[in-house]
Amino acid sequence: MKRVVIVGGGTAGWMTAAVLARLTDAGISVTLVESEEIGTVGVGEATIPSLHDYNQRLGIDEDAFVRATGATFKLGIEFVDWRRIGERYLHPFGTFGRDVQGVKFHQLWARADRDGDGVGALEDYCLTAVAARQARFTRPSRDPAAVLSSLRYAFHFDAGLYAAFLRDRATGEGVTRIEGRIGTVELAPERGDIAAVVLADGRRIAGDFFVDCSGFRSLLLGEALGVPFVSWQHWLPCDRALAVPSASTTPLLPYTRATAESAGWRWRIPLQHRVGNGHVYASAFVDDQQAADALLGGLDGAALGEPRALRFTAGVRERLWERNCVAIGLAGGFLEPLESTSIHLIQSGIARLMSLFPGEAHATVERDTYNRLLGTEYRQIRDFIILHYHATARDDSPFWQHCRTMTPPDTLAEKLALWRERGRVLPEPGELFTDDSWVAVMAGQEAPPRALDPLLDALPAEEAGRFLRHLRGVIAQTAAAMPDHAAFIARHCASASRG
Ligand SMILES: Cc1cc2nc3c(=O)[nH]c(=O)nc-3n(C[C@H](O)[C@H](O)[C@H](O)COP(=O)(O)OP(=O)(O)OC[C@H]3O[C@@H](n4cnc5c(N)ncnc54)[C@H](O)[C@@H]3O)c2cc1C
């Protein structure tokens with residue numbers, strides 16, 4: 001193993017290159033091929049908190065990263081009109097309250113709410129949600145006893161600036177960048193491994209191991225090695241998107257907004273220098289013109305260009321590692337952007353590739369473990385995203401009727417049954433979305449459960465009421481003491497292009 005070749009210089013390619021740069025210390029060359037003529041997908045601007053792991057791994061200074069990418073802080077996602085038109089809820093990144101004697105906090109809250117104890121909304125018990133509603137931000141406390149330690153955050157950033165930021169790092173650390181369009185992929189005659197990629201101008205780039213970051217086209221894994229694509233479109237029918245930036249508005253919200261439409265949803269992602277907007281929709285249920293009208297009609301600032309069209313199918317390649325090639329990013333799969341999980345899946349692929357880095361081209365044990373772990377993660381995230389579409393009371397359009405009445409995957413059906421029975425959530429061990437995320441979306445979109453946890457009977461309602469009031473007060477006070485999101489950025493990490 002002497003030569004690693006990364007094909008593609010989008011977010012996936014450069015995130016991979018920045019980490020694989022370390023291999024150069026072990027005498028392995030790392031080369032990245034990208035084509036300006038083809039360009040990148042150019043979207044992918046909202047993240048989840050796991051990005052901290054990636055940044056830490058690379059020792060990235062957070063303020064420098066926020067400045068360089070025009071980033072803002074993201075405390076969660078607001079879902080508007082998902083359960084019913086006119087209803088909204090937050091899926092915050094932080095935790096809800098505190099469990100008591102083995103009873104989940106949301107159960108305690110649900111009992112008090114059911115009994116009319118005037119305990120307010122569930123989100124009042126999550127500092128991250130309260131801060132989001134008030135457009136406040138500060139970094140969490142390191143003291144686990146402080147309520148401020150429960151705050152969790154991610155980022156919204158400019159995808160183009162992010163790729164450039166990582167490219168500078170990776171090339172500074174020994175990654176070789178080659179610009180050019182790949183015309184053919186050369187397979188080794190006997191083994192069928194990838195031997196080289198050949199550019200349109202005839203240059204040949206040989207390698208021992210290849211990382212396919214070529215985007216939706218999946219040039220190596222899909223086209224050259226023929227690994228089939230497994231479509232999940234029957235559960236996730238959205239297959240098109242239109243994206244357009246718009247002028248910034250105030251206040252600078254520290255969260256993404258996802259507004260349900262008649263056949264899909266619109267995103268709103270605030271950056272320092274603009275707002276990213278998009279409309280993800282199902283072409284079987286709405287035409288492109290109607291989708292464009294809904295996007296442009298929903299903007300809250302002036303459009304800064306014409307909408308750009310993207311097409312995709314939700315799903316994943318049957319195997320993400322085949323022979324001497326791993327696909328990372330859109331070349332491997334795409335689950336639609338509703339919970340901003342694609343960049344996380346890129347990171348997860350990179351982290352696992354590094355943990356299982358092969359000593360030779362045919363590393364079957366490592367390959368099988370990689371495929372199992374990544375396959376499971378895709379499936380778990382898929383279920384969480386389907387939940388948003390399926391757990392709805394909307395019946396105002398054929399799209400929502402389809403989503404509401406479809407048969408969900410068995411794994412999701414079990415989770416829904418547990419919630420509907422006694423409001424329980426039990427993610428599988430190691431699942432990306434933890435209890436709090438499942439509670440946020442189930443509580444936001446499902447009807448109240450039939451009954452609650454019987455262990456609640458061990459907790460007297462009066463005492464629980466006092467605890468709830470105290471907690472709500474402390475969270476409100478802590479949020480009130482936090483600075484305004486825009487003021488925090490102006491003070492610590494304003495980008496040069498801001499304004
Ligand atoms: C509508 C939409 C919204 C999204 N929103 C989010 C979000 O909010 N959060 C999130 O985490 N993710 C989001 N994603 C996903 C995110 O955009 C991608 O995961 C991310 O940008 C990585 O893309 P990529 O690098 O795999 O592919 P691309 O950006 O498409 O890069 C492919 C690279 O391969 C190169 N290439 C291709 N063919 C050749 C060739 N023949 N020769 C040479 N080079 C070649 C291209 O030039 C390019 O450099 C979204 C995706 C879509 C479609």
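One is the number of the first residue; the rest follow in order along the sequence. Below, each value reflects all heavy atoms present in this structure, side chains not excepted, and no hydrogens, waters or symmetry copies. Order of listing sets the numbers, starting from 1, for every ligand and every atom in it.
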With nothing but distance in play, are any N or O atoms of [X] less than 3.5 Å from an N or O of ligand 1?
| X | value |
| --- | --- |
| Gly9 | yes |
| Ile182 | yes |
| Ala12 | yes |
| Ile269 | no |
| Ile328 | no |
| Thr11 | yes |
| Gly39 | yes |
| Ser35 | yes |
| Leu330 | yes |

Do Val66 and His492 come within less than 4.5 Å of each other through their side chains, counting heavy atoms only? no

Test item: side-chain donor near acceptor, [X] and [Y], under 3.5 Å:
| X | Y | value |
| --- | --- | --- |
| Trp438 | Glu431 | yes |
| Ser214 | Asp212 | yes |
| Tyr89 | Gln445 | yes |
| Thr376 | Arg372 | no |
| Thr256 | His156 | yes |

Examine the proximity of ligand 1 to [X] and report which part, side chain or backbone, both or neither, has a heavy atom under 4.0 Å away.
| X | value |
| --- | --- |
| Leu219 | side chain |
| Ile346 | side chain |
| Cys213 | backbone |
| Glu336 | neither |
| Ala241 | side chain |

In the protein, which heavy atom is nearest to atom 30 (O) of ligand 1, and how far is it? Val41 N, 3.3 Å

Considering non-hydrogen atoms of the protein only, which is the closest contact for atom 4 (C) of ligand 1, and what is the distance? Pro337 CB, 3.4 Å

Is the ring pair [X]/[Y] parallel, tilted or perpendicular, if the boundaries are 30 and 60 degrees?
| X | Y | answer |
| --- | --- | --- |
| Phe488 | Phe73 | perpendicular |
| Trp265 | Trp82 | tilted |
| Phe79 | His91 | parallel |

Is [X] in contact with ligand 1, taking contact as a heavy-atom separation below 4.0 Å?
| X | value |
| --- | --- |
| Trp14 | no |
| Gly180 | yes |
| Val280 | no |

Numbering as shown, the atoms of ligand 1 that approach Glu45 to under 4.0 Å (heavy-atom distance): 7 (C), 8 (O)

